[in-house]
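These notes concern the structure reproduced below.
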Amino acid sequence: MPRRAPQGTQAVQRALGLLRSFTPEAPEHRLSELAAAHGLHPSTAHRLLGVLEAEGLIGRSPDSQAYRWMPGAPGAGDAAPSPRYNGLRPLEPLRTPFHRRTAALCESGAWRDWSGYTCVETYEPTPEREYWAVRNAAGLIDVSPLFKYEITGADAVRLLDRMMTRDFSKSQTGRVMYTSWCNEDGHLLQDGNVQRLARERFLVSAAEPCLRWFEDCGWGMDVEVRDVSEEIGVLALQGPRARAVAEAATTGLDFGAMRYFDLAAGEVGSGAGGAPVTVTRTGYTGDLGYEFWVAAEHAEALWDALVEAGRDHGLLPAGLLALDMVRVEAGLVLIDVDYVSASHAEIEVLKATPAEAGLGFTVKLDKQADFVGRRALVLERDRGPAWAMVGLEVDWFELERLWSEIDLRPQVVGQPASRKPTPVFAPGGWQVGQCTSRFFSPLLKKYVGLATVHADAAALGTELDVEVAVGYGRRRARARVVRRPFFNPARKTAVDPMPGVDE
Amino acid sequence: MNGRVAIVGGGHNGLVAAALLARSGRDVVLFEARPELGGLASTRELIPGHRVDAGSHDLGMFRRSVMEELELAGHGLELIEAPAVAAVPATADSSAVVLWPEVGRTVEGLGGVSRRDAAAWPGFVFELAERAATLEPLLSRPLELADIGGLLIAPEVLRALSSPLEESLRERFENRSLLAGLCGVALPATGLGPRANGTGWPLLFHCALGGSDRLAPVVRAQGGAGALASALATSAAASGAEIRTGVAVSRILVDSGRVAGVQLADGERIEAGAVISTATPSVTFLELLGASVLEPRFVRRLLNVKYRGAAARLALSLDGLPAFRGLERPALTGRIVLAEQPDDIERAADAAKYRRLPDRPWIEAALPTTLDPSLAPAGRHLLLATVHHLPFDLDGGWDAGGPELLARVAAELERWAPGIGGLVREHALLLPTDFEADYGATAGGLHHGEMNPSQSLWLRPTASAWAGEPLPASGLWLGGAGCHPGGGLTGLPGTIAAVSLLRG
């Protein structure tokens, strides 16, 4: 027997009941269906739903025939357990500190899971404008799901030098170092950036969790490793206009003096007294850009400041599809797409050394400190890596020819980057590797990809065949090993970069 | 290469290794941090005028062949075999139960408590001996991979070592005191209650090393367990080994992956081409070698070693022999198990699991003065009460827990031997924290790593390898209880280290 509500609260109770019908599992409901389910007269339901909509707690589907769940709306679908889970709450996706902002802008409703976080795949139905914003103006990308570890203590450098392949005895406060780290057999675990915030304070950002690995490598050292992943929100501001936007949105930072891979601390907003923010001149786009590291509670203030400052510069929020496109153009490898982390490679052959994953430049075999995996990597240096990461450019005329056989133009233009590995062959011969990321670059007007191939097929100019899907058929298209990155504008590393330069 | 062998630790294993290597002509130097030798089998004057064994005092498992090879009798070691193996005083449920080495004598006594158990006893002893004989060769020499086959074709051994001890015993016996007595013989220092899987293993281990065709007898050294250490040291010195007491090793020195010697606490460096460490794996690798030369997965493996099995030792100087219910003097010469039933031990293990003191501690007691009156001044008796299944990480800490434990142990002793409180003249108490601080027993675990099947045989470090991988520095050997075959006063880890080193 339901408890009788006191007079006057009935409408509130009914409205909440309606609100709870909207969950991620059941996001859309029609008026008639809701009225029936809640035993309400359709006009009453309509009135209540109208209030919920006006308050921003639910939305309307584009054809306005149905009401929609609003991600991020307070209370929406949170209180009532989904009946599908037999009374148990389903595992809820995490939300980045920018979620309320990104959710409000995500017109497409295209979300993707990234390390358990709900992230925007594209804000608009296609990633095209977001992609162009990064290359021609500026894109704003929420990359908060990165794992972040704060390393502090007298032995902080010692720990990093022991764990990482780069030489941390040479790291400087105010600089960021990009590095790999390996297991005992020299197989790549991850790659990531390490910020030196102070003499004995570092921030490591990584795609995957590695707290236990820090503990195993640093046992007995005078160092504290703290997982601060959820405490820090991260925004990547990337594109030729990034400096102008960043300058307008912050105080206390000298962007003219900030070199590639520098870091500096400032404040959000144009006046004094804004939220503290750390800015690094880094990114995953191969373009001029900055990443902003801010305490979660100030995340929205940062977002708002950047969006406001970006109004005059064509700034657009960009989703993960656009990010994936520009990072392929930049020739940057992605963990578990272009290489498999040794921490979860099911079989030995899937593992890669840094050199095999194109990250050989991060390995400093001659550094003073003995690091995890060094012994194996010295052996590899002596005999040479077995595999190499290369850039491939697929011959356009070849693609046209293959597609014309089924009377179509190449169906590759306007597609986001593909992460499905496809085999790479010696011309007309055996498989020599696999192409793991590829897409048609709208900027370069070329079909490019990242591939891992046998070391002897890796020389620039080598001709190879890549398997491509042509309609339902599997065909081989001729490709050539080319230099990575495919796109490398001078503004990426330019000192005192100005908008307009190298556009 | 420097031919000298440096040995870290002057417990009985380190001394055995030193004596064996010196006898083979090796240049040996041994370092013991404490002033006296013997480690966890040393004898100390914890009570003025008394010779108190700090840890192990039963030499029943010590290899006779090693004693003979090292001529320990000639170097002053006198053994006394106790007439009784174990005894449980009378309870409300049962008259006293006494286990003797002789099968017939035990059967005769058991007839008074359970005719069924008396009938089952000979078969039990026979089968135990048979299983123990299958295991014995694996325990007394360096392990070979081929030895796995021998175990696999002995399903009864596998079953026995993997089952809960209480369950296997109940398949034969009904009397609760008898069951408690057998559990009390097998489970000291294991940290595991009799209902835990794998507790069959400690009993097999005990029998494999302690007996041949009968229940392993209790054997004591005249003058206390420290007399074994003295005889070993004399034997080693006679062969040219240098024994240095009161000298702590602070580092094992490694140069390009090879052992180069040891560094002493005062900074002195001793060059040596080989080092045998008898410290626990944690101390050897994480402290003496240093985590920075270890692979992270090796560090993780070390951090995963379980060191449960902490105990406290209470020594009491008594004005006379206490009256344990229903036990006559010869029955008091072996172990006296103060537990009414296996569940008493299980409950103690449960409490330890949750970092608490047991409400009613079970006690493994011994009255060594019944065999060797020289241990105490005339007219006095020495009672050694070992309280097993204690948590090292006691909630509230041991400073507060020590007095509380003492009170509970005193109450238990009074229950088992009414009037004993009036006999106590002096006492000394060693807590789990003392065992770690005094003897480097990580987390107070007396076996340098819990003795359960998951940390035994191929799963325990061996003298030169662990989990199939060589130790992280060449020239480094393990020779303490933390490596194969494990803890107990056996001399085997030291022997195996010496044998392995000589083989190279």
Side-chain angles (χ1 to χ4, degrees), chain A residues 149 151 153-165 168-169 180-190 204 206 208-225 341-345 348 351 365-379, chain B residues 8 248-260 262-263 265 277 279-307 393 436-437 440 442-443 448-449 461 465-476 478 482:
Chain A
Y149 301 99
I151 321 279
D155 284 338
V157 170
R158 210 177 129 215
L159 168 58
L160 290 166
D161 236 359
R162 164 121 182 90
M163 178 166 149
M164 306 294 186
T165 55
F168 277 83
S169 70
S180 309
W181 53 103
C182 297
N183 70 7
E184 298 87 343
D185 307 318
H187 286 132
L188 198 50
L189 288 170
Q190 286 205 57
V204 177
E208 294 184 358
C210 52
L211 186 59
R212 187 181 168 95
W213 189 246
F214 275 113
E215 287 172 5
D216 290 356
C217 293
W219 199 92
M221 292 188 196
D222 179 9
V223 64
E224 192 195 347
V225 182
S341 168
S343 64
H344 50 255
E348 209 56 27
K351 298 175 182 172
L365 289 176
D366 300 326
K367 74 175 182 178
Q368 197 81 40
D370 190 17
F371 61 91
V372 179
R374 178 187 207 153
R375 213 172 343 147
L377 294 177
V378 167
L379 292 177
Chain B
V8 183
V249 170
S250 60
R251 300 291 293 177
I252 294 172
L253 303 171
V254 177
D255 185 17
S256 344
R258 258 213 78 83
V259 154
V262 295
Q263 182 171 326
S277 173
T280 68
S282 288
V283 171
T284 300
F285 295 110
L286 294 176
E287 291 176 28
L288 298 179
L289 211 56
S292 59
V293 303
L294 305 175
E295 290 189 332
R297 64 181 160 210
F298 195 88
V299 172
R300 179 51 59 184
R301 204 179 290 147
L302 282 166
L303 298 178
N304 289 346
V305 174
K306 305 292 179 291
Y307 287 97
D393 50 352
E436 185 178 73
T442 304
H448 286 199
W466 194 6
E469 287 175 27
L471 298 182
S474 68
L476 174 65
L478 294 182

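Every chain is numbered from 1, with letters handed out A, B, ... down the list of sequences. Predicted model, so just to flag it, every value in this text is computed and none were measured.
- Shown here for Val223(A) and Ala156(A), the closest heavy-atom pair between the two residues is CG2-CA, 3.9 Å.
- Remark: Ala265(B) pairs with Ala248(B) by the side-chain contact (heavy atoms from CB on, under 4.5 Å) rule, at least two apart or across chains.
- Residues satisfying the ring pair (Phe, Tyr, Trp, His ring centres under 6.0 Å) test with Phe168(A), not counting sequence neighbours, are none.
- For the pair Gly482(B) and Pro461(B), the tightest heavy-atom approach, listed with the atom from each and the gap, is O-CD, 3.4 Å.
- For a residue to count as touching a neighbouring chain, one of its non-hydrogen atoms must lie under 4.5 Å from one of that chain's; by this rule Leu294(B) touches chain A with the backbone only.
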Listing needed: what donor-acceptor pairs below 3.5 Å join chain A with chain B?
| residue | atom | partner | partner atom | Å |
| --- | --- | --- | --- | --- |
| Arg162(A) | NH2 | Leu294(B) | O | 2.2 |
| Glu184(A) | OE2 | Arg297(B) | N | 2.6 |
| Asp185(A) | OD1 | Arg297(B) | NH2 | 3.2 |
| Asp216(A) | OD1 | Arg300(B) | NE | 2.8 |
| Asp216(A) | OD1 | Arg300(B) | NH2 | 2.4 |
| Asp216(A) | OD2 | Arg300(B) | NE | 3.2 |
| Arg375(A) | NH2 | Glu295(B) | OE2 | 3.3 |

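- For the ring pair (Phe, Tyr, Trp, His ring centres under 6.0 Å) test, residues two or more places apart in sequence or in another chain that qualify with Phe285(B) are Phe298(B).
- At a threshold of 4.5 Å between non-hydrogen side-chain atoms, the residues Tyr149(A) and Pro209(A) count as touching.
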